[in-house]
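Only one structure is covered here, and it is reproduced in the block below.
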Amino acid sequence: MSKFQPLSTAIKENLFSGSFVVFEGFTHLIPYAAAHETIRSGITDLTLARMTPDVIYDQMIGMGMVSKLIFSYAGNPGVGLLRRLRDAVENDWPRPLVIEEHSHAAIANSYEAGASNLPLAILRGYQGAGLKGINANIKSIECPFTGEILAAVPALRPDVAVIHAQKADSKGNVLVEGIIGVQKQAVLSARKAIVTVEEIVPELNTHPNACIIPSWAIASISIVPGGAHPSYTQGYYERDNSSYLEWDKISSDRDAFRVWMQKNVLEQGPEVFNQRVEHLRD
Amino acid sequence: MSKFQPLSTAIKENLFSGSFVVFEGFTHLIPYAAAHETIRSGITDLTLARMTPDVIYDQMIGMGMVSKLIFSYAGNPGVGLLRRLRDAVENDWPRPLVIEEHSHAAIANSYEAGASNLPLAILRGYQGAGLKGINANIKSIECPFTGEILAAVPALRPDVAVIHAQKADSKGNVLVEGIIGVQKQAVLSARKAIVTVEEIVPELNTHPNACIIPSWAIASISIVPGGAHPSYTQGYYERDNSSYLEWDKISSDRDAFRVWMQKNVLEQGPEVFNQRVEHLRD
Amino acid sequence: MNYSSYEIMVVSAARLLRNDDVCFVGIGAPSAACNLAKLTNAPDITLIYESGTIGTAPDVLPLSIGDGELCSTALTTVSGVEMFNYWLQGGRITVGFLGAAQLDRFGNINTTVIGNYEKPKVRLPGGGGAPEIASHSKQVYIIMKQSPRSFVNKIDFFTSYGFGNGFNERSDKGIQTKGPQLLVTDMAIWKPDPTTKEFEVVALNPGVTREAMQESVGWPIRYSVTLDENTPPTKLELEVLRDLQERTRTAHSKTRNSGQ
Amino acid sequence: MNYSSYEIMVVSAARLLRNDDVCFVGIGAPSAACNLAKLTNAPDITLIYESGTIGTAPDVLPLSIGDGELCSTALTTVSGVEMFNYWLQGGRITVGFLGAAQLDRFGNINTTVIGNYEKPKVRLPGGGGAPEIASHSKQVYIIMKQSPRSFVNKIDFFTSYGFGNGFNERSDKGIQTKGPQLLVTDMAIWKPDPTTKEFEVVALNPGVTREAMQESVGWPIRYSVTLDENTPPTKLELEVLRDLQERTRTAHSKTRNSGQ
């Protein structure tokens, strides 16, 4: 088992045009390096899902790689709207984007259902809310004990889940800590998982109930220090807020966007992330 | 808020005859001291639920305090059968016991449903199994996306959940660590929670994703060092296996059982637990 | 002491929070109000951010819902699934804060689209946690600035349900929580009429006229018969708030000069 | 080297485990077999106990499913809900071990009652995790001693489903896992016939006769056409197993002299 791979190999061997992929992370530990490698790989027609599609999904959508997006909150965290996503939804640029929209609670439960190998998740959700009327994947079930009508949503079962984490031990077991979002659920809901980590350590040496993903539940691990920049990795480096503010400007213009992507993504490699976080390390 | 109370007060103010109570713990952190205080309190007609009713439920059933038991595995852990429970089910001694029997997966999910304020839990469970035929609380739902028939069980919503934990901080936030079973779910599924702890510390100082129950989700906390004996508290003392073996003998005879309960439970108080674990401390 | 309309809005909301509140906090004004409350009248208040951080006490205001500061000052940080299931749906939240792109008189909220859903004029971020914050929090507080663009007669999309068309529509739908109980703006404090559930103004901020009010709101405003004037921020409240914001500015300016 | 029928049973089961197996381990013989495998032919095997401990490597055999040793040597320990949902139902277990009070020829298991459910002769512990271990593990291995009381023609209660009445009944019920694929006893190794799904003996332990076999089993035994003799435990296997058991005895005797 060669779990440890260069990121380019990990992406090439696991992601394909037409794949259903989730790059998860809730503000913390966003897998930027893996997303940029995916952009460089040239694949297209991806279906993406995520609770909080943010800058990396804006970038992939703007590059025309995405045919469908399943999501619950599409924003530039702490800044505002996602302008490439807006352009796709409002103007079909650079291509039409099919969207399937849920609430956070529903998507979180959809991952959990996927991780639990169930076909659906149930929640007391969407009460009085408009999404029920426009999303055919929000159905309902009747509780056989109380008669209550509850919302039902299908499980998410992506082909591949991609996350960034603090570290792996030498056997490839991965520790995620701090704001853990739905990363564990996303990894376990997927057929394959790709993980980028800040470092490899001999032993994880952590709390007995820490969030650890065993090696055998992961397809591939790549060491990419700084791989979550400009988001942050708790214990390693801080969020680079200026990049999020800049993104608002860059993404507001189609040409500026393409120039920026060419220079900062297409012509770079994963090794650039370590430099980008140098001034942000604790 | 007087969260910190003597155990006798905690039991007296929260548990009543007819209450639906769960004393949770999966082999580890069994709330023996709280169970014994409950036995001394003289209340009766309890409905009890637990994944693994063990010696404390055997004791309460033998004392005639229990009218109904919801469970998935009733055994003396690592030893064998529960003889007082057998006597109740097989011979109605000292009184008839209504049982509602599930699998572990179903009970765990029932607590989770309770904690999540849902009326039911769904699982792919009981396939081909006999319990479906004899437990009216095992029903089914049809997945509106795939048509698959899944098992449905009602949420557990006990009046009171009782657990033992390692420690509380000075504000009454509680840390449970090691084998955590379904304690958090049980506490959150219940209207009120009573917790016994080994000690109070100024700060919990633990991992960001440790299993912590906030003070405001707990009704009452009592300091009872050794309160899980003869089970164990990770980091404090080991399991007292001889007591489990002895229980097999004591419980095999109605009179021996009553004599033992009189001497070791009815005539004792919570303070005795500290002595009982002295030779088992790490 | 002089104060801005933003400051009186944040202070007014903070005052209404209590030590035993468990707040589901959003970024921006709700976060400022909750942390101000924690530093003044409600030191034991419990703040929860939807990123999973329970019992946070950040020294500076977070930039995003998932800042590291929220985790490192939290009592504990749980998964997204646990947050929405055990803590929100579980009924443990006493006050959920919501903002809106569009708000109507019955506390219904739109953060999804301006225009038509299929072909929107502006695609907004969407609901996120809001649809269930609106239905599962024991009460909902809304903090937002008044403007004719956002206080509208009819919202374009029902992202999060308030009282629908008012009266008992909410409870008739089986929703057991109280819904929007407070609307704090830069101009006034509003509360729902107990019968119709329409928001009515219960207190005007000092200097705010009924004319100015009506210019900023897209429906005919109702005023409470017991209409009050809101109490201006005290010196202490303003100092604590400004300190908090200054600390926030200083802390966040540190990470502003990266070159990607 | 001499060996007991228990030892050859444990050794035979251990031999069939592989480095890439993820085992849901029960107390007793399964635990001994899994830990022996880890110390011999499958050092990288993953052992999971239903108490939530994932990737354990206990130095001594646990007394109960939730010993502290399991947690302190585990890669991680998760909640009961997560264990049953993500890891078992999630389809991550390659081998689930089950024992039985009663077993029939189709691998159906009873650990619930002897006699009638409503008024049992013997009330047994019940199913615990077994009903779903039986349906969600990719394969089920059964380890138990043969005896006419336990190897019965008809079980009193279907606690955990094997192949029902055999043939395609299991897959017809929509169960997608393979079911019982191995039965290791103190006398023989059994595997299900690919068509009928009835257990047939594929190897007899050295010295075991067909007569002795039939005396311990309550149905007419079928033998594989390729019937083999089981290989006796090697010196190394026995030494490692005995060391493990000796360490276990020593460790657990320490806590045997308490006076409650």
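Side chains included, hydrogens not; waters and symmetry mates left out as well; all remaining heavy atoms used. All chains are named by letter (A, B, ...) in the order of the sequence lines, taking the proteins before the strands, and each is independently numbered beginning at 1.
- Salt bridge annotation for B/Asp248-B/Arg83: present, with a cationic side-chain nitrogen under 4.0 angstrom from a carboxylate oxygen.
- B/Leu123 touches chain D through backbone and side chain together, each having a heavy atom under 4.5 Å away.
- Look at B/Glu267 and B/Lys263 and you find no salt bridge, because none of the NZ, NE, NH1 or NH2 atoms lies under 4.0 Å from a carboxylate O.
- Residue D/Phe84 touches chain B through its side chain alone, counting heavy-atom pairs closer than 4.5 Å.
- Proximity to chain B (any heavy atom under 4.5 Å) is shown, for D/Glu169, by neither the backbone nor the side chain.
- Although no hydrogens or angles enter the test, the distance criterion places a donor-acceptor pair under 3.5 Å between the side chain of D/Asp193 and the main chain of D/Thr196.
- Using non-hydrogen atoms only and a strict 4.5 Å limit, the part of residues 122-136 of chain D facing chain B consists of D/Val122, D/Arg123, D/Leu124, D/Pro125, D/Gly126, D/Gly127, D/Gly128, D/Gly129, D/Pro131, D/Glu132, D/Ser135, D/His136.
- Both the backbone and the side chain of B/Leu131 come within less than 4.5 Å of a heavy atom of chain D.
- In this structure, B/His229 contributes its side chain and B/Ser231 its backbone to no donor-acceptor pair below 3.5 Å.
- Relative ring orientation between B/Trp260 and B/His36 is described as perpendicular, the plane-to-plane angle rising above 60° on a 0-90° scale split at 30° and 60°.
- Here the closest heavy-atom approach between residue B/Leu175 and residue B/Ala165 is recorded as O-CB, 3.5 Å.
- Pairs of residues two or more places apart, or lying in two chains, that qualify as side-chain hydrogen bond (donor to acceptor under 3.5 Å, both in side chains) and include a residue from residues 70-81 of chain B are B/Ser72-B/His104.
- When B/Gly130, B/Gly181, B/Gly75, B/Cys211 are compared by the number of non-hydrogen pairs under 4.5 Å with chain D, B/Gly130 comes out ahead.
- With respect to chain B, the highest number of heavy-atom pairs below 4.5 Å among D/Ile175, D/Val78, D/Val113 belongs to D/Ile175.
- Salt-bridge formation is detected for the pair B/Asp92/D/Lys119: a Lys NZ or Arg NE/NH1/NH2 atom is positioned less than 4.0 Å from an Asp or Glu carboxylate oxygen.
- Interface remark: D/Asn108 contributes no atoms to any contact with chain B (heavy atom separation under 4.5 Å).
- Exactly one residue among B/Leu280, B/Asn274, B/Val272 makes a side-chain contact (heavy atoms from CB on, under 4.5 Å) with B/Arg276. That residue is B/Val272.
- The contact between D/Thr159 and chain B is made entirely by backbone atoms, counting heavy-atom distances below 4.5 Å.
- Of the two parts of B/Gln127, the backbone and the side chain both hold a non-hydrogen atom closer than 4.5 Å to a non-hydrogen atom of chain D.
- Interface summary for chain B: among D/Thr77, D/Thr111, D/Val81, the most heavy-atom pairs under 4.5 angstrom belong to D/Val81.
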Stepwise ring pair (Phe, Tyr, Trp, His ring centres under 6.0 Å) check, B/Tyr232 with B/His28: CA-CA 6 Å; B/Tyr232 70 104; B/His28 179 214; 4.4 Å; yes
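- In this structure, chain B has no heavy atom under 4.5 Å from any part of D/Thr76.
- Ranked by heavy-atom pairs under 4.5 Å with chain D, the list B/Gly80, B/Ala105, B/Gly178, B/Gly133 is led by B/Ala105.
- Note on B/Asn91, B/Val182, B/Thr52, B/Val89: by heavy-atom pairs under 4.5 Å with chain D, the leading option is B/Val89.
- Interface remark: B/Gln185 contributes side-chain atoms only to the contact with chain D (heavy atom separation under 4.5 Å).
- At a 4.5 Å heavy-atom cutoff, the contact between B/Phe71 and chain D is made by side-chain atoms alone.
- We find that B/Glu100 and B/Lys68 are joined by a salt bridge, their nearest charged nitrogen and carboxylate oxygen being less than 4.0 Å apart.
- Proximity to chain D (any heavy atom under 4.5 Å) is shown, for B/Ile149, by neither the backbone nor the side chain.
- Aromatic ring centres of B/Tyr32 and B/Phe273: separated by at least 6.0 Å.
- A salt bridge links D/Arg247 with D/Asp59: at least one charged nitrogen is closer than 4.0 Å to a carboxylate oxygen.
- Ring geometry for B/Phe257 against B/Trp247 counts as perpendicular: the plane angle is over 60°, on a 0 to 90° scale with 30° as the lower cut.
- Chain D forms the most heavy-atom pairs under 4.5 Å with one residue out of B/Pro53, B/Ser103, B/Pro77, and that residue is B/Ser103.
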